[in-house]
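One structure is given here, and the rest of the page talks about it.
All of these numbers come straight from a predicted model, not from anything done at the bench. Order of the sequence lines fixes the chain letters, A, B, ..., with proteins taken first and strands second; residue numbering starts at 1 for each chain.
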Amino acid sequence: MTRRGVLAGLAAVLALAGGAAWKFRLFAKHYPSTPYDDLLDQITDREPAIVFGQAARNSLPGAAQLAAELRRDRRSLGERAAAEPGEAQIAEVAGWVVPQSVARYAALAAQA
Amino acid sequence: MSSFQDARTLPRDTVLSPDLAIVGGGPAGISLALALAESGQNILLLESGGRTFEADVQKLYEGSQTGVPYIALDGGRLRYLGGSTNHWGGWTRPLDKIDFENRKGMPYFGWPFRRDAIEPYFARAQSLIEAGPWIYDEADNVISGNGPLLRLGPGGIYTSWFQFSRTRDNNLPTHFGDRYQADLIKAARITPLLNANVTAIRLSPDAGRVTQLDVATLSGNRLTVKPRYTVLAAGAIENARLMLASNDVTTAGVGNGNDLVGRFFADHPIPRNVATLVLFDEGISPLYFNNVALPDGAVMRAVLSPRQEFMRAHGVAGSLTTVENEAKLDAFATAAVVTTAQALGVDASHAKAYSLGCGMEMAPDPDRRLTLRTERDALGMPRLNLHMTISDDDFTLFRQTLTELGRQLLAAKSGMLHISYNRRDEWLEAMDWGNHHLGTTRMHGDPKQGVVDANSKVHGIGNLYVAGSSVFPTYGSSNPTLNLVALTLRLADHLKKVMA
Ligand SMILES: Cc1cc2nc3c(=O)[nH]c(=O)nc-3n(C[C@H](O)[C@H](O)[C@H](O)COP(=O)(O)OP(=O)(O)OC[C@H]3O[C@@H](n4cnc5c(N)ncnc54)[C@H](O)[C@@H]3O)c2cc1C
């Protein structure tokens, strides 16, 4: 095998490994498990959600009740966030106008 | 051919007897005089100042204030030929239909006629203001190649348009005095009289007619004008002052039998940085950011306005929200944007942020008012006090408009909005004002509710009219000058008929 072939093969393997790592979230941050992971796993990036959620949590119920309320709606966070502005389901968190479910999921992340 | 005359050089106690005396040579007075130039009537245009700024003339505008902090009374206007257009911004936009409507649950809103009544005058007003062809909200069809308009979901806010009075050689917009002095001189029947301060309106003993105007100069000269008709066009503060101070026959002042003169003062509050607009994946079109010149001479700028249906449905007042500067997001703001964009399934890694400003409409308030003080100016006229107010409702209603904008951005997945202020002290801290003086001689068909009738004639006085934005009973959010000039042209048509 030529030197060039070895390098190309190595690059291909690395690329595949990178893709797999991304796909299976090998490098994703792991959080201690909580009773709300079915909900929290829908948040793509939990760190900023926790920061934002600190401001949202004061005006919302505690984690258990909030989770129960969120589970009542069978739609995913993405589906709800996309639909709510059209349904006038809007919240204001520290001045930010957001879909209601974004405020609620973030508040849950901040409390979990 | 007439020429400018100087009241200081006329023989003392000269009596002038024009058909029409116009008090004030700002855009209202000048537009009125020019519109009547060919009417066959002799017109005397009495202007307090000269052709340039003079400090001692300007001092005549000094007054005091109470209530909410506001611009000094001698700071927000100029007292010489051309009036405040000597330093205006040239922002121009017609009032909307809804601005003329009586609004349910909104006391004092509405004009005694619909917008149709002044629409025929808009084209000429636009031309006097030199704001180019009439485009405004047709701009969506005219403008291309300047980037797309803000993507908003369906709802109450839309992109509306300002036009601008033309800048000359990159200089300021149309100064009515400079621009039209040659036309005033050319008109055979117009006599512009400079340095002529009207200090009193004298009424007949039955208070039914104006019999004379007292005129004084700062050099000590005194003249008398005995006009058939008089139009006050001295600006919304000075119109009220003249009427209140002329109290020898009717002690409350001219046209003030119902204690309305000087009340309902208004301006457009212009709070800074009212919100931060974040766009997820695209910068904003320069149309919102800068004034964009079109090849046909119009200068345009996009602005965000509540739709009339939204205003009606939610009892919201007018507002015009502008994109001001690029803004930076702090850590918390970034967290808000990332969390929201991810939930919406949108990439916000190239998000851009902008601060927003706005011009708001105030609700009419009879307690926001001008009153006479005992202190007098150099001509012996009582000075004014302005009691300024702004209600929490004004902020709350505008917040509703901003929330709707935020909702529509989310619905379109194009961006999101942060509203800066919640508390009254925060709003007041950020407050600037438009210098758009309005409302002090409000128009209403019922003399108990207005100082002038639908023709701008002072109720109960046969030959006294008022021009300018002091007659606006409600204000809209549009800048006033185009609209007050249109209204003045309508008054000119009325005067042509009654004076003939
Ligand atoms: C800083 C600033 C920026 C502005 N920007 C804009 C803008 O972008 N768009 C807009 O639409 N509007 C703007 N305006 C408002 C605009 O200038 C006014 O709407 C307009 O000038 C009002 O016209 P007027 O003729 O009624 O009154 P004025 O312009 O006030 O003119 C009144 C005239 O009467 C004279 N006068 C006063 N008292 C007497 C007296 N006793 N006897 C004889 N003469 C008297 C004065 O000297 C003056 O010439 C701005 C104003 C300011 C101050």
Side-chain angles (χ1 to χ4, degrees), chain A residues 22 25 28-29 31 36 38-60 66 70 73 75-112, chain B residues 151-157 273-278 280 310 313-314 329-349 351 353 355-356 396 399-423 426-427:
Chain A
W22 172 254
R25 307 184 73 182
K29 181 156 182 190
Y31 299 91
Y36 317 118
D38 58 321
L39 297 166
L40 296 179
D41 282 350
Q42 296 179 46
I43 300 173
T44 314
D45 207 345
R46 215 184 289 180
E47 299 297 324
I50 291 170
V51 172
F52 184 55
Q54 296 295 352
R57 59 187 287 188
N58 295 339
S59 56
L60 290 169
L66 193 53
L70 287 173
D73 190 325
R75 293 175 299 176
S76 68
L77 167 59
E79 287 165 343
R80 293 180 62 175
E84 282 169 348
E87 299 161 354
Q89 303 293 314
I90 292 296
E92 192 183 315
V93 177
W96 288 97
V97 180
V98 294
Q100 235 170 47
S101 55
V102 170
R104 297 178 141 247
Y105 273 79
L108 185 66
Q111 295 180 68
Chain B
R151 266 192 307 120
L152 294 176
I157 312 301
N273 294 332
V274 292
T276 305
L277 166 72
V278 176
F280 291 141
F310 177 76
H314 297 271
L329 298 178
D330 62 16
F332 178 78
T334 307
V337 172
V338 169
T339 305
T340 307
Q342 286 179 345
L344 290 169
V346 176
D347 174 18
S349 48
S355 67
L356 302 186
T396 308
R399 258 185 142 273
Q400 245 177 281
T401 297
L402 289 176
T403 305
E404 176 68 354
L405 173 60
R407 189 190 69 73
Q408 287 173 250
L409 287 162
L410 294 169
K413 296 189 178 182
S414 56
M416 59 191 294
L417 196 80
H418 175 258
I419 304 175
S420 306
Y421 313 124
N422 212 352
R423 295 192 321 267
E426 293 173 324
W427 284 104

Exercise. Are the side chain of B:Q342 and the backbone N or O of A:I43 linked by a donor-acceptor pair below 3.5 Å?
Worked result: no

For this session: Please answer whether the main-chain N or O of A:R57 pairs with a side-chain N or O of A:Q111 as donor and acceptor at a distance below 3.5 Å.
Result: no

Exercise. Picking from A:A55, A:A94, A:A56, A:A103, which has the most non-hydrogen pairs under 4.5 angstrom with chain B?
Worked result: A:A94

Exercise. If you count heavy-atom pairs under 4.5 Å with chain B, which of A:A83, A:P99, A:P85, A:S76 comes out on top?
Worked result: A:P85

Seminar exercise, completed: Looking only at heavy atoms, the pair that brings A:I90 and A:Q100 closest together is O-NE2, 3.8 Å

Exercise. Does any non-hydrogen side-chain atom of B:W427 lie less than 4.5 Å from one of B:R399?
Worked result: yes

For this session: Pick whichever of B:A343, B:A331, B:P154 has the most heavy-atom pairs under 4.5 Å with chain A.
Result: B:A343

Exercise. Side chain, backbone, both or neither: which part of A:E92 has an atom under 4.5 Å from a heavy atom of chain B?
Worked result: side chain

Problem set entry | Residue part contacting chain A, namely of B:V278, when any heavy atom lies under 4.5 Å | side chain

Exercise. Side chain, backbone, both or neither: which part of B:A412 has a non-hydrogen atom closer than 4.5 Å to chain A?
Worked result: neither

For this session: Could you check whether the rings of A:W96 and B:H418 sit parallel, tilted or perpendicular, using 30° and 60° as the cut-offs?
Result: tilted

